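As a basis for the values below, the full set of heavy atoms in this structure was taken, side chains included, without hydrogen atoms, waters or symmetry mates. Only a predicted model underlies this, so the values are computations on that prediction, with no experimental measurement involved.
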Amino acid sequence: QVQLVESGGGLVQAGGSLRLSCAASGRTFSTYNMAWFRQAPGKEREFVAAVSWIGSNEYADSVKGRFAISRDNAKNTVTLQMNSLKPEDTAVYYCAASDKWRRTIESYDYWGQGTQVTVSS
């Protein structure tokens with residue numbers, strides 16, 4: 001069982017940066033693949049970035065080169081550094097954990113409650 005709590009969302013101007021954090025409980029955190037998804041109003045939840053239990057990364061094309069995902073297994077945390085933010089990045093961002101290395105929502109077993117990111121133009 002893994003419990004996830006996101007933090008770090010907020011309001012930022014276009015071109016600015018935000019750093020999201022996800023704190024995980026559970027002794028087996030280091031064995032899970034971790035990801036960030038987002039959901040904008042009226043849209044489906046979509047994959048943003050993932051980091052595997054051995055540190056491999058994947059990114060959605062829309063955020064590649066702007067966002068960076070990392071994990072600290074000693075602290076049971078996953079971080080999403082978001083730079084050069086655009087208004088279209090506005091969404092609720094969710095942290096998720098899975099024992100599978102996939103980009104699909106259905107593959108993730110554990111989810112946080114989400115944190116709002118709003119980018120103004």
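Remark: Asn73 engages Arg71 in a side chain to side chain donor-acceptor pair (under 3.5 Å) (not counting sequence neighbours). Residues that satisfy the side chain to side chain donor-acceptor pair (under 3.5 Å) test with Asp89, not counting sequence neighbours, are Arg38, Arg66.
Of the inter-residue distances, the one linking Ile105 atom CD1 with Phe47 atom CZ reads 11.0 Å to the nearest 0.5 angstrom. If you take CG on Leu80 and CE on Met34, they are separated by 11.5 Å, rounding to the nearest 0.5 Å. The distance from the CG atom of Asn83 to the OG atom of Ser17 is 3.5 Å, given to the nearest 0.5 Å. Going from atom OG1 of Thr118 over to atom CG of Leu11 covers 6.0 Å, rounded to the nearest 0.5 Å. In this structure, Glu46 CD and Arg103 CZ are separated by 11.0 Å, a value rounded to the nearest 0.5 Å. Atom NZ of Lys86 and atom OG of Ser121 lie 14.0 Å apart (nearest 0.5 Å).
Between Phe37 and Trp111, the ring-plane angle classifies as tilted under the 30° and 60° cut-offs.
Between the side chain of Ser52 and the backbone N or O of Asn33 there is no donor-acceptor pair closer than 3.5 Å. For Tyr59 (side chain) and Ile69 (main-chain N/O), a donor-acceptor pair under 3.5 Å exists by modelled atom type. Side-chain atoms of Asn57 never come within 3.5 Å of backbone atoms of Ala49 as a donor-acceptor pair (strictly under, hydrogens ignored). In this structure, the side chain of Thr115 does not engage the main chain of Glu6 through any donor-acceptor pair within 3.5 Å.
Aromatic ring centroids of Tyr94 and Tyr108 lie 6.0 Å or more apart.
Enclosure of atom CD in Gln13 is not indicated, since only 12 or fewer non-hydrogen atoms of other residues, nucleotides or ligands lie within 6.0 angstrom. Remark: Gln116 CD is packed, more than 12 non-hydrogen atoms of other residues, nucleotides or ligands lying under 6.0 Å away. Summarising the local packing, NZ of Lys100 is surrounded by more than 12 heavy atoms from other residues, nucleotides or ligands at distances under 6.0 Å.
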Side chain to side chain contact (heavy atoms under 4.5 Å, CB included) between Trp36 and Met82: does it pass, once the steps are laid out? CA-CA 12 Å; Trp36 288 93; Met82 306 186 295; over 6 Å; no

Dump the intermediate steps for side chain to side chain contact (heavy atoms under 4.5 Å, CB included) on Thr28 and Trp53, then the final yes or no. CA-CA 10 Å; Thr28 58; Trp53 66 279; over 6 Å; no

Could you check Phe67 against Leu85 for side chain to side chain contact (heavy atoms under 4.5 Å, CB included), going step by step and ending with a plain yes or no? CA-CA 9 Å; Phe67 291 11; Leu85 282 161; 3.8 Å; yes

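Across Leu20 and Tyr93, no two heavy atoms sit closer than the pair CD1-CB, 3.6 Å. Across every non-hydrogen atom of Ala24 and Leu4, the tightest pair is CB-CD2, 3.6 Å.
Contacts classified as disulfide bond (SG atoms under 2.5 Å apart) and involving residues 84-121 (residues at least two apart or in different chains) are given here: Cys22-Cys95.
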